[in-house]
> 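Please see the structure below; I have some questions.
FYI, side chains are in, hydrogens and waters are out, and symmetry mates aren't considered; it's all heavy atoms of this structure. Quick note on labels: first sequence line is chain A, next is B, and so on, each numbered from 1.
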Amino acid sequence: MSSLQLYNTYTRQNEVFRPLHNNHVGLYVCGPTVYGPPHLGHVRGPIVFDVLRRFLEFKGYKVRHVRNITDVGHLVGDGDEGEDKLGKQARLEQIEPMEVAQTYTVAYNEMCRLVNVLPPGIEPRASGHIIEQIEMIEAIMSAGLAYEVNGSVYFDVLSYAKTKDYGKLSGRILEDLLAGAGNEARELEGQEEKHNPNDFALWKKASPEHIMQWHSPWGKGYPGWHIECSAMSRKYLGDVFDIHGGGMDLLFPHHESEIAQSTACTGHNPARFWVHHNMITINGQKMAKSLNNGILVDELFSGKHALLAQAYSPMTLRFFILQAHYRGTLDFSNEALQAAEKGLQRLMNAADLAPKLPISDSSEYSVSDIEAACERCMNDDMNTPQVIAQLFEAARVCNSAMDGKIKLNSDNVKALNNLFNTWLHDILGIQAEEKGNEEALDGVMQMLLAMRADAKANKNYALSDEIRNKLTDLGFSIKDGKDGSSWSL
RNA sequence: GGUCGGAUGGCCGAGAGGCUAGGCACGGGUCUGCAAAACCCUCUACACCGGUUCGAAUCCGGUUCCGACCUCCA
């Protein structure tokens with residue numbers, strides 16, 4: 001068995017993955033800041049890392065998957081005077097900040113459930129780890145790499161960079177950062193307190209009206225944006241763990257800061273592999289408020305958005321995302337989504353057919369080749385599009401066998417079933433859509449199909465067509481085969 | 001402005017010096033009372049200009065365009 005290779009952003013190359021501790025894998029993924037309903041940008045990360053987790057488990061590793069919830073606010077830029085992001089939203093809605101966080105945490109998790117993302121083993125909240133964050137800040141101060149000014153604590157990037165490699169992850173050169181291209185345009189609160197504009201906040205002093213604040217050795221305040229991931233990953237996975245994942249937009253400053261903080265505190269880059277997925281676009285453009293093309297996940301599922309021609313199911317979304325490699329940008333459009341919807345249907349039909357396949361004595365096809373190819377593709381930096389291409393090959397074999405065009409012996413039929421179960425369902429996490437009360441429905445449908453068969457036998461095609469057309473209108477599709485009719489929704 | 005990625009057939013999307021994925025759409029066929037589904041066939045692409053090579057979509061140089069990041073971002 002060949003081994004998994006992952007692209008490590010830190011070294012900018014594919015590396016063979018070997019866990020640090022025997023067969024245990026520590027996986028930390030940056031979760032959402034819960035101040036708004038989940039949009040399409042939120043859905044790629046959970047799915048990508050869910051597939052990674054499933055694949056690692058398939059390979060026999062025991063995975064501790066940690067995905068955080070950031071529910072302490074970040075600073076809001078652009079003249080909002082440093083108001084807490086969560087606090088700001090709360091004031092608009094006239095509810096408690098924690099109510100906002102709870103509402104959108106639930107919404108995020110519901111989205112994950114719908115797209116069949118397995119719940120992470122640990123889902124720590126930043127607000128529940130204030131003490132750990134304070135302890136980490138103290139350790140960084142003890143190391144002489146942070147300083148307090150007026151109740152706020154800042155990370156001293158220049159001192160850190162004297163002995164450590166600051167900027168390696170994101171490919172940034174400190175001299176360029178110091179030159180400050182772009183910096184002058186941004187006026188963040190507290191900028192004048194910093195020794196250097198590139199220093200970042202570990203702890204921020206809170207003004208009295210600031211809603212979310214905690215006691216600390218430096219007075220009342222709240223943690224800086226980056227420290228929560230450092231503190232929580234360390235707490236649950238240790239000073240050094242296997243994989244840290246997130247979106248490419250987090251490369252700088254978030255992950256760069258995490259590396260600096262953790263290194264200042266423990267002496268180590270916390271993660272051996274830094275894995276980043278790329279962004280999504282809508283009709284070729286970045287999804288942005290100013291472009292008015294932001295689509296919520298719920299809007300995709302209901303089809304209620306000006307840019308959407310129809311509703312798309314959660315599984316269509318998942319399949320669509322996995323049809324592109326995780327490190328490339330992924331463009332959402334109606335055409336692309338519709339193509340994914342149909343392709344998915346084809347694959348699911350074949351998977352449903354697999355258990356009913358006729359068995360021959362001889363075999364004209366070796367399914368094990370497909371299986372080997374699937375693993376080879378996944379090992380190659382999680383190439384899910386190629387895995388899916390293999391599964392389509394399997395679907396063709398399946399359909400051909402069903403049509404009697406090729407013969408498969410019992411071993412190959414078994415392998416085909418196993419292929420769909422393992423690769424389509426277990427690893428890619430593609431399942432049949434949720435359907436209610438299928439047995440009762442099937443009973444009714446069988447009755448209608450029997451009536452239609454009678455009508456056909458009596459050459460009453462007007463009636464048989466009427467039955468079929470009305471069912472079609474209701475969303476059922478009827479297929480007439482040699483051995484009677486079948487239905488699907 | 002700086003840094004880093006891209007540009008693949010009607011649409012999406014892999015690949016990465018010769019074997020030229022896959023899906024969807026289109027067209028032809030088999031099957032069918034009709035239809036749907038399924039199957040078979042068809043569609044041969046890599047932004048532009050040079051160069052290296054027996055051979056380049058893939059390597060090198062240049063050009064154009066697009067995108068991301070540069071302390072809100074998934």
> List in chain and number order the residues that pass side-chain contact (heavy atoms from CB on, under 4.5 Å) with Ala206(A), two or more places apart in sequence or in another chain; answer none if no residue qualifies.
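With neighbours one apart ignored, the set is His210(A), Gln213(A), Tyr222(A).
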> Rounded at 0.5 Å granularity, tell me how far CD1 in Ile243(A) sits from OG in Ser233(A).
13.5 Å
> What residue among Tyr160(A), Tyr147(A), Tyr154(A) forms side-chain hydrogen bond (donor to acceptor under 3.5 Å, both in side chains) with Asp199(A)?
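So, applying the side-chain hydrogen bond (donor to acceptor under 3.5 Å, both in side chains) to Asp199(A) and each of Tyr160(A), Tyr147(A), Tyr154(A), only Tyr147(A) qualifies.
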> Given atom NE2 of His255(A) and atom P of rA74(B), what is their separation to the nearest angstrom?
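Checked: the NE2 to P distance equals 12 Å.
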> Considering residues at least two apart in sequence or located in another chain, which fulfil the side-chain contact (heavy atoms from CB on, under 4.5 Å) criterion with Asp369(A)?
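By the side-chain contact (heavy atoms from CB on, under 4.5 Å) rule, Asp369(A) matches Ser366(A).
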> Would you mind reporting whether Ile140(A) and Leu202(A) have side-chain heavy atoms less than 4.5 Å apart?
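SC-SC contact between Leu202(A) and Ile140(A) confirmed.
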> Given atom CE of Met402(A) and atom P of rC39(B), what is their separation to the nearest angstrom?
12 Å
> Within the structure shown, what part of the strands sits under 4.0 Å from Leu40(A) by heavy-atom distance: base, sugar-phosphate, or nothing?
nothing
> Under a 4.5 Å cut-off applied to non-hydrogen side-chain atoms, are Phe301(A) and Pro314(A) in contact?
yes
> Is Arg452(A) paired with Asp465(A) through a side-chain N to carboxylate O contact shorter than 4.0 Å?
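No, no charged N to carboxylate O under 4.0 Å.
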> Rounding to the closest angstrom, what is the interatomic distance between rC24(B) and rU64(B) at atom C1'?
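That atom pair is separated by 31 Å.
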> Base, sugar-phosphate, or nothing for Ser170(A), non-hydrogen atoms under 4.0 angstrom?
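Counting heavy atoms under 4.0 Å across all strands, no contact is made by Ser170(A).
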> Check the phosphate of rU30(B) against Lys405(A), side-chain N and O only, distance under 4.0 Å to OP1 or OP2. Yes or no?
no
> Can you tell me, in whole Å, how much space there is between the P of rA37(B) and that of rG27(B)?
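Going atom to atom, P in each nucleotide, I get 13 Å.
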> Just jot down the side-chain contact (heavy atoms from CB on, under 4.5 Å) partners of Pro32(A), sequence neighbours excluded, or say none.
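So Pro32(A) forms a side-chain contact (heavy atoms from CB on, under 4.5 Å) with Val34(A), His42(A), Ile69(A), Tyr108(A).
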> Rounded to whole angstroms, how far apart are CG on Leu169(A) and C1' on rC69(B)?
12 Å
> In whole Å, what is the span from the CG atom of Leu357(A) to the P atom of rA38(B)?
15 Å
> Suppose you measure atom P in rG10(B) against the same atom in rG6(B); what distance do you get, rounded to whole Å?
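23 Å, rounded to whole Å.
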> If you measure from the P atom in rC66(B) to the same atom in rU8(B), how many Å do you get, rounded?
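After rounding to an integer number of Å, I get 14 Å for this pair.
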> Are Phe273(A) and His244(A), when compared by the centres of their aromatic rings, separated by less than 6.0 Å?
no
> Which nucleotide in the list rA74(B), rG33(B), rA38(B) gets nearest to the side chain of Lys456(A)?
rG33(B)
> Under the salt bridge (Lys or Arg N to Asp or Glu O under 4.0 Å) definition, can you give me all pairs with a residue in residues 378-393 of chain A, not counting sequence neighbours?
Arg327(A)-Asp381(A), Glu393(A)-Arg396(A)
> Extract all donor-acceptor atom pairs below 3.5 Å that involve side chains of residues 335-346 of chain A and protein atoms in other chains or at least two apart in sequence.
{"from": "Gln338(A)", "atom 1": "NE2", "to": "Gln310(A)", "atom 2": "OE1", "distance (Å)": "3.2"}
{"from": "Glu341(A)", "atom 1": "OE1", "to": "Gln310(A)", "atom 2": "NE2", "distance (Å)": "3.2"}
{"from": "Glu341(A)", "atom 1": "OE2", "to": "Gln310(A)", "atom 2": "NE2", "distance (Å)": "3.4"}

> With sugar-phosphate meaning primed atoms plus P, OP1 and OP2, does Tyr461(A) contact a base, only sugar-phosphate, or nothing at under 4.0 Å between heavy atoms?
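Tyr461(A): base contact, heavy atoms under 4.0 Å.
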> Provide the distance between the two C1' atoms, one in rC65(B) and one in rU30(B), to the nearest whole Å.
47 Å
> Rounded to whole angstrom, note down the P distance from rG62(B) over to rC40(B).
47 Å
> So, using side-chain contact (heavy atoms from CB on, under 4.5 Å) as the criterion, who are the partners of Ser170(A) when residues are at least two apart?
Arg172(A), Leu251(A), Phe252(A), Glu256(A)
> Grab the CG-P distance between Asp403(A) and rC41(B) for me, whole Å please.
13 Å
> Could you list by number each residue of residues 388-400 of chain A showing a heavy-atom separation from RNA chain B of less than 4.0 Å, or answer none if no residue does?
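Residues of residues 388-400 of chain A that come under 4.0 Å of RNA chain B are, in numerical order, Ala389(A), Phe392(A), Arg396(A), Asn399(A), Ser400(A).
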> In whole Å, measure the gap between the P atoms of rG67(B) and rC26(B) for me.
31 Å
> Mind listing the residues from residues 341-352 of chain A sitting with a heavy atom below 4.0 Å of RNA chain B? Number order is fine.
Lys342(A), Gly343(A), Arg346(A)
> Under 6.0 Å from the ring centre and within 45 degrees of the ring axis: does the NZ or CZ of Lys168(A) meet both conditions for the six-membered ring of Tyr10(A)?
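That pair qualifies as a cation-pi contact.
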> Could you name each residue pair satisfying salt bridge (Lys or Arg N to Asp or Glu O under 4.0 Å) that touches residues 147-159 of chain A, not counting sequence neighbours?
none
> What does Gly45(A) touch in the nucleic acid at a heavy-atom separation under 4.0 angstrom: a base, only the sugar-phosphate, or nothing?
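Nothing: the residue Gly45(A), judged by heavy atoms under 4.0 Å, touches no strand.
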> Just how far, in rounded Å, is C1' of rC24(B) from CG of Leu337(A)?
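Checked: the CG to C1' distance equals 12 Å.
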> If you find the nucleotide of RNA chain B closest to Ile280(A) and the one closest to Phe252(A), which residue's nucleotide is nearer the 5' end?
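Between the two, 5'-proximity favours Phe252(A).
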> Just to be sure I follow the notation: if a pair is Watson-Crick (purine N1 to pyrimidine N3 plus N6-O4 or O6-N4) or a G-U wobble (N1-O2 and O6-N3), each under 3.5 Å, what dot-bracket string does RNA chain B give, with | for pairs to another strand?
(((((((..(((.....[...)))..((((.......)))).....(((((..]....))))))))))))....
> Could you check whether His39(A) gets within reach of a base, just the sugar-phosphate, or nothing at all, counting any heavy atom under 4.0 Å?
base
> In this structure, how many angstroms lie between the P atom of rA36(B) and the CG atom of Leu471(A), rounded?
17 Å
> Measure the distance from CZ on Arg468(A) to P on rA37(B) and round it to the nearest whole Å.
12 Å
> Under 3.5 Å, side-chain donor or acceptor atoms of residues 276-284 of chain A against the rest of the protein: list the pairs with distances, not counting sequence neighbours.
{"from": "His276(A)", "atom 1": "ND1", "to": "Thr9(A)", "atom 2": "OG1", "distance (Å)": "2.8"}
{"from": "His277(A)", "atom 1": "ND1", "to": "Gly246(A)", "atom 2": "O", "distance (Å)": "3.4"}
{"from": "Thr281(A)", "atom 1": "OG1", "to": "Asp331(A)", "atom 2": "OD1", "distance (Å)": "2.7"}

> Could you tell me how far rG9(B) sits from rC46(B) if I compare only their C1' atoms? Round to whole Å.
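Nearest-Å result for rC46(B) against rG9(B) at atom C1': 8 Å.
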> Do Tyr28(A) and Asn68(A) come within less than 4.5 Å of each other through their side chains, counting heavy atoms only?
yes
> Nucleotide by nucleotide, 5' to 3', does protein get under 4.0 Å of the base (B), only the sugar-phosphate (S), or neither (-) in nucleotides 5-19 of chain B, counting heavy atoms?
------SSSSS----
